[in-house]
Amino acid sequence: LINGSMRTDQRNAGAAQTFTAAAAVAYCADRWYGACTGANVNGQRVAGAGAYQYLYQFTGAASVTQVLLGQRIEATNIYDLVGTTATLSAMISSSTLTSITWTAYYPTVADTFSAKTQIATGTFTINNTLTRYSVQIALGANVDKGLAIEFTTGAFTSGTLKIGGVQLEPGPVATDFEVVPLAAELAQCQRYLEYGRNSWDSAYVPSPWWAQYITTTFKVNKRSTPTVVMSQGAAGANYVDGFTSWQYITSAPEHIPFTYYATAEL
């Protein structure tokens with residue numbers, strides 16, 4: 001699992017995010033996604049406690065029937081655990097809930113989670129005290145296609161749910177949470193999502209027409225050709241190399257700074 005510490009949050013920088021009831025999963029803290037049914041809920045990276053600097057928190061709301069938090073692991077990053085027993089552990093607390101369900105899935109097609117099959121599921125009995133829970137999972141042969149870990153609730157109409165320090169490791173024993181250096185953790189996250197800044201400068205060129213090509217080199221090679229969204233204009237259709245850089249074409253003489261998100265999530 002990447003960013004089990006919840007420290008990296010390029011999308012929201014700790015600001016609250018609304019999950020829409022019955023909508024497709026929406027990514028939140030880097031590598032993590034959330035969803036809900038029944039009614040909308042808010043999620044947010046919040047201050048943690050003790051050795052855990054941050055946690056991810058959902059706030060219950062009237063009519064909410066379920067909240068989900070999960071992460072999809074690329075096949076290449078789980079391949080060493082194919083056919084083995086692994087241990088899932090997490091720090092969890094809730095002011096109102098008394099249980100939370102964990103489930104492990106593998107995708108039908110490698111790294112494509114639109115269709116998936118359950119490997120194992122179970123329940124942690126939780127309370128208002130932040131506590132570390134763990135479980136052993138026999139992963140089987142099919143995780144060579146990838147793995148999804150999801151935490152789900154039942155009805156969640158009030159109070160808060162906090163999760164952090166999430167770890168999946170080889171073997172049948174839960175060890176202390178491994179704190180990855182922040183720079184390394186950010187680079188792991190940027191393979192799937194990168195937030196960056198650039199600017200373009202273009203000058204008038206006589207007939208027949210003029211244009212300016214701006215190339216942005218990614219900080220980290222992407223998992224796949226990403227979708228690029230800019231705060232000004234739109235990303236050009238012509239990628240120099242979809243994994244390493246992208247190109248924007250403008251047709252007006254101007255200097256404009258812009259920010260961008262390059263997304264290559266599973």
Side-chain angles (χ1 to χ4, degrees), residues 1-4 6 19-38 41 43 56 58 64-92 97 99-126 132-156 161 163-174 188-189 191-193 222-227 263-266:
L1 292 166
I2 297 172
N3 196 33
M6 307 295 176
F19 295 89
T20 302
V25 299
Y27 279 87
C28 47
D30 280 58
R31 297 302 305 122
W32 294 96
Y33 56 84
C36 60
T37 57
V41 297
Y56 198 80
F58 289 100
V64 172
T65 53
Q66 185 185 76
V67 166
L68 176 152
L69 180 70
Q71 183 172 143
R72 295 164 178 165
I73 305 173
E74 268 188 277
T76 190
N77 288 338
I78 197 69
Y79 198 83
D80 60 314
L81 297 185
V82 172
T84 70
T85 294
T87 298
L88 172 68
S89 57
M91 298 293 293
I92 307 173
L97 298 172
S99 67
I100 190 168
T101 298
W102 60 267
T103 308
Y105 302 92
Y106 69 84
T108 302
V109 176
D111 295 336
T112 303
F113 288 85
S114 54
K116 58 190 181 181
T117 299
Q118 180 178 299
I119 298 170
T121 189
T123 301
F124 295 137
T125 299
I126 62 175
R132 190 159 197 82
Y133 301 90
S134 65
V135 64
Q136 287 68 50
I137 307 173
L139 292 179
N142 286 309
V143 296
D144 63 347
K145 299 180 180 70
L147 179 70
I149 297 293
E150 295 184 349
F151 298 95
T152 53
T153 72
F156 183 36
L161 169 67
I163 302 177
V166 191
Q167 184 163 277
L168 182 71
E169 58 188 315
V173 178
Q188 290 179 329
C189 294
R191 175 169 163 79
Y192 307 89
L193 171 74
K222 298 295 167 276
R223 180 188 68 86
S224 62
T225 300
T227 299
T263 306
E265 299 285 10
L266 290 169

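Numbering starts at 1 and runs along the sequence shown.
When only modelled atom types and interatomic distance are considered, Ser89 and Ser134 share no side-chain donor-acceptor pair under 3.5 Å.
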- Please assess Phe58 against Phe19 for the test ring-ring contact (aromatic ring centres under 6.0 Å, His included), listing each intermediate value before the final yes or no. CA-CA 10 Å; Phe58 289 100; Phe19 295 89; 5.6 Å; yes
- Item | Chi angles and distances behind the side chain to side chain contact (heavy atoms under 4.5 Å, CB included) call for Tyr105, Ile119 | CA-CA 5 Å; Tyr105 302 92; Ile119 298 170; 5.7 Å; no
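Using a distance-only test at 3.5 Å, with no hydrogens or angles considered, no donor-acceptor pair links the side chain of Arg72 to the main chain of Ala148. A donor-acceptor contact shorter than 3.5 Å is absent between the side chain of Thr125 and the backbone of Ser99. The main-chain N or O of Ala155 is never found under 3.5 Å from a side-chain atom of Thr65 such that the two would form a donor-acceptor pair.
Classification of Arg31 and Glu265 as a salt-bridged pair holds, one side-chain N sitting under 4.0 Å from a carboxylate O. Classification of Glu74 and Arg191 as a salt-bridged pair holds, one side-chain N sitting under 4.0 Å from a carboxylate O. Look at Lys116 and Glu150 and you find a salt bridge, because one of the NZ, NE, NH1 or NH2 atoms lies within 4.0 Å of a carboxylate O, short of that distance.
Tyr27 and Tyr33 have perpendicular rings, their planes meeting at more than 60° on a 0 to 90° scale where under 30° would count as parallel.
Separation of atoms CE (Met91) and CD1 (Ile126) is listed at 12.0 Å; rounding is to 0.5 Å. Note: Tyr133 OH to Ile92 CD1 = 7.0 Å, rounded to the nearest 0.5 Å.
Asn3 has its side chain out of reach of Gln188: every pair of non-hydrogen atoms, C-beta onward, lies at least 4.5 Å apart. Here the side chains of Thr153 and Val64 are not in contact, with every heavy-atom distance at 4.5 Å or above.
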